[in-house]
Engineer: 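Have a look at this one before I ask anything.
Per chain, numbering begins at 1; letters A, B, ... match sequence-line order.
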2 protein chains.
Amino acid sequence: MSTKLDCIDRAIMRVLQQEGRVQNIELAERVGLSPSPCLRRVRMLEDSGAIARYVALLDPAKLGMGLTVFARVWLIGQDEDTVAPFVEAIRKLPQVVECQLMAGDCDFILRVIAPDLDAYRAFQMEYLGRIKGVRSIKTEIPMQTIKLTTEIPI
Amino acid sequence: MSTKLDCIDRAIMRVLQQEGRVQNIELAERVGLSPSPCLRRVRMLEDSGAIARYVALLDPAKLGMGLTVFARVWLIGQDEDTVAPFVEAIRKLPQVVECQLMAGDCDFILRVIAPDLDAYRAFQMEYLGRIKGVRSIKTEIPMQTIKLTTEIPI
DNA sequence: GTTGAAATTATGGTCAA
DNA sequence: TTGACCATAATTTCAAC
């Protein structure tokens, strides 16, 4: 499936991880290729799935969604009949931007974004807490984001 | 600074959050504008910072970085002399893709990516655990990613 | 990987609503 | 103030080499 990636392929990905909308001409210059082979490599990386997608990253604070909360959720059981409806419910909630099924002492870790603490509290009350199968929720609030990147080291 | 965003501005951001590299012509069609005013709005959103940046999202598994780990870190103190060097060290480690200073029972939550558990263990031993001021580290491992998006609901 | 040409797109000015 | 239209410049894209 994944034919070997050489140094130039990785250079292309490094650039695109930082500037996803860089033009092919400039990308080619930066990785030391002419535009044609550079574009061929980008298409190959896209087709292979190494480049999954391109997205615009918005500034949550500027859009009135400045609060991020981690919610640790325990269900009443780990059987499929309990987990599946929870997972389905979570997938439909756009405020939940991440959900990890954990191996450790809690069932799920959720990352939720909200305008502020009041809004989050309302969201937990009205949505999270009402999902069938939820036993308890413990909220953890970041005071400061030290680092946050979508960049994978390659 | 942030002049009011109307319905079309939000539609533009919704599209760009999903397809960051969509061409202006197609973007314009989708939001019901002709290309010129659409591009003007995009530039405005970029300049205002509502659109922070564009990035390519890579597939970690396809690049041999299939493991994500959450590490909860406690320092020996919360004074600036303890925290500042830790923060600096974390910022330099590309394997740490996220670091949150927590308000709750642990000092920091880190998201670390690694090829596998052995590699993570080595990373914790050789890097994380050796940062000055670190008292203890507790590792939590996701078994399955239920949901993970960069999309902010707007 | 290179070159070059054709098709498409981005861009900015201008006018109209 | 905002959008549509048009002309130009730049880029993308795909041949053939």
Side-chain angles (χ1 to χ4, degrees), chain A residues 1-65 115 149-154, chain B residues 1-59 62-64 149-154:
Chain A
M1 176 180 63
S2 68
T3 169
K4 280 285 181 296
L5 300 175
D6 68 12
C7 188
I8 296 181
D9 292 321
R10 286 193 293 274
I12 288 173
M13 289 190 286
R14 272 194 295 273
V15 173
L16 288 176
Q17 279 197 111
Q18 296 183 34
E19 291 182 51
R21 246 187 140 160
V22 66
Q23 299 194 316
N24 185 57
I25 286 189
E26 189 186 337
L27 177 61
E29 271 178 24
R30 287 214 226 161
V31 302
L33 285 179
S34 54
S36 279
C38 182
L39 186 61
R40 265 206 294 266
R41 281 168 182 266
V42 171
R43 294 283 175 263
M44 184 262 286
L45 291 168
E46 290 166 358
D47 293 343
S48 77
I51 297 176
R53 55 202 302 234
Y54 301 90
V55 300
L57 300 180
L58 306 187
D59 183 332
K62 290 220 167 96
L63 298 166
M65 299 291 275
T149 178
T150 55
E151 263 182 81
I152 291 165
I154 50 173
Chain B
M1 178 179 60
S2 69
T3 166
K4 279 285 181 294
L5 300 175
D6 67 13
C7 188
I8 297 181
D9 292 321
R10 286 193 294 274
I12 288 173
M13 290 190 285
R14 272 194 296 272
V15 172
L16 289 175
Q17 279 198 111
Q18 296 182 32
E19 290 182 51
R21 247 189 139 159
V22 67
Q23 299 192 316
N24 184 57
I25 286 189
E26 189 186 336
L27 177 62
E29 274 177 24
R30 288 213 225 162
V31 302
L33 283 181
S34 57
S36 280
C38 181
L39 186 61
R40 259 206 303 265
R41 281 167 181 266
V42 171
R43 295 281 175 266
M44 186 262 286
L45 291 168
E46 291 166 356
D47 293 343
S48 76
I51 296 177
R53 55 202 302 233
Y54 300 91
V55 300
L57 300 180
L58 306 187
D59 183 333
K62 290 220 166 95
L63 298 167
T149 180
T150 56
E151 262 181 82
I152 291 164
I154 49 173

Engineer: Nearest 0.5 angstrom please: A:I12 CD1 to A:L33 CG, how far?
Structural biologist: 6.0 Å
Engineer: Who are the side-chain hydrogen bond (donor to acceptor under 3.5 Å, both in side chains) partners of A:E46, not counting sequence neighbours?
Structural biologist: A:R43, A:Y54
Engineer: Look up atom CD in B:E26 and atom SG in B:C38, then write down how far apart they are to the nearest 0.5 Å.
Structural biologist: 10.5 Å
Engineer: Only counting residues at least two apart or in another chain, list the ones meeting side-chain hydrogen bond (donor to acceptor under 3.5 Å, both in side chains) with B:R14.
Structural biologist: none
Engineer: side-chain contact (heavy atoms from CB on, under 4.5 Å) for B:K62 and A:L45? Distances and angles first, verdict last.
Structural biologist: CA-CA 11 Å; B:K62 290 220 166 95; A:L45 291 168; over 6 Å; no
Engineer: Mind checking which nucleotides bracket the chain A contacts on DNA chain D, 5' to 3', with an atom under 4.0 Å from a heavy atom?
Structural biologist: D:dT11 to D:dC14
Engineer: Report the residues that fulfil side-chain hydrogen bond (donor to acceptor under 3.5 Å, both in side chains) with B:D47, sequence neighbours left out, ordered by chain and then residue number.
Structural biologist: none
Engineer: Which residues satisfy the side-chain contact (heavy atoms from CB on, under 4.5 Å) test with B:T150, sequence neighbours excluded?
Structural biologist: A:V55, A:L57, A:T150, B:L57
Engineer: Atom pairs under 3.5 Å, N or O on each side, protein against nucleotides 12-17 of chain C: can you list them with distances?
Structural biologist:
residue	atom	partner	partner atom	Å
C:dG12	O6	B:S36	OG	2.4

Engineer: Let me check the geometry of the helix from C:dT2-D:dA16 to C:dA17-D:dT1. What is the bend angle between the axes at its two ends, five pairs each, to 10°?
Structural biologist: 20°
Engineer: What salt bridge (Lys or Arg N to Asp or Glu O under 4.0 Å) pairs are there with at least one residue in residues 15-24 of chain B, not counting sequence neighbours?
Structural biologist: B:E19-B:R30
Engineer: Atom CE in A:M65, atom CG in A:L58: separation rounded to 0.5 Å?
Structural biologist: 11.0 Å
Engineer: Identify, with sequence neighbours excluded, every residue that meets side-chain contact (heavy atoms from CB on, under 4.5 Å) alongside B:I25.
Structural biologist: B:E29, B:P35
Engineer: B:R53: what forms a side-chain hydrogen bond (donor to acceptor under 3.5 Å, both in side chains) with it, not counting sequence neighbours?
Structural biologist: none
Engineer: When you measure from every atom of DNA chain C, which of residues 14-31 of chain B have a heavy atom less than 4.0 Å away?
Structural biologist: B:Q23, B:N24, B:I25
Engineer: Checking A:L63 against B:M13 for the side-chain contact (heavy atoms from CB on, under 4.5 Å) test, could you report, in this order, the C-alpha distance in whole Å, the side-chain angles of both residues, the deciding distance, and whether it holds?
Structural biologist: CA-CA 11 Å; A:L63 298 166; B:M13 290 190 285; 3.9 Å; yes
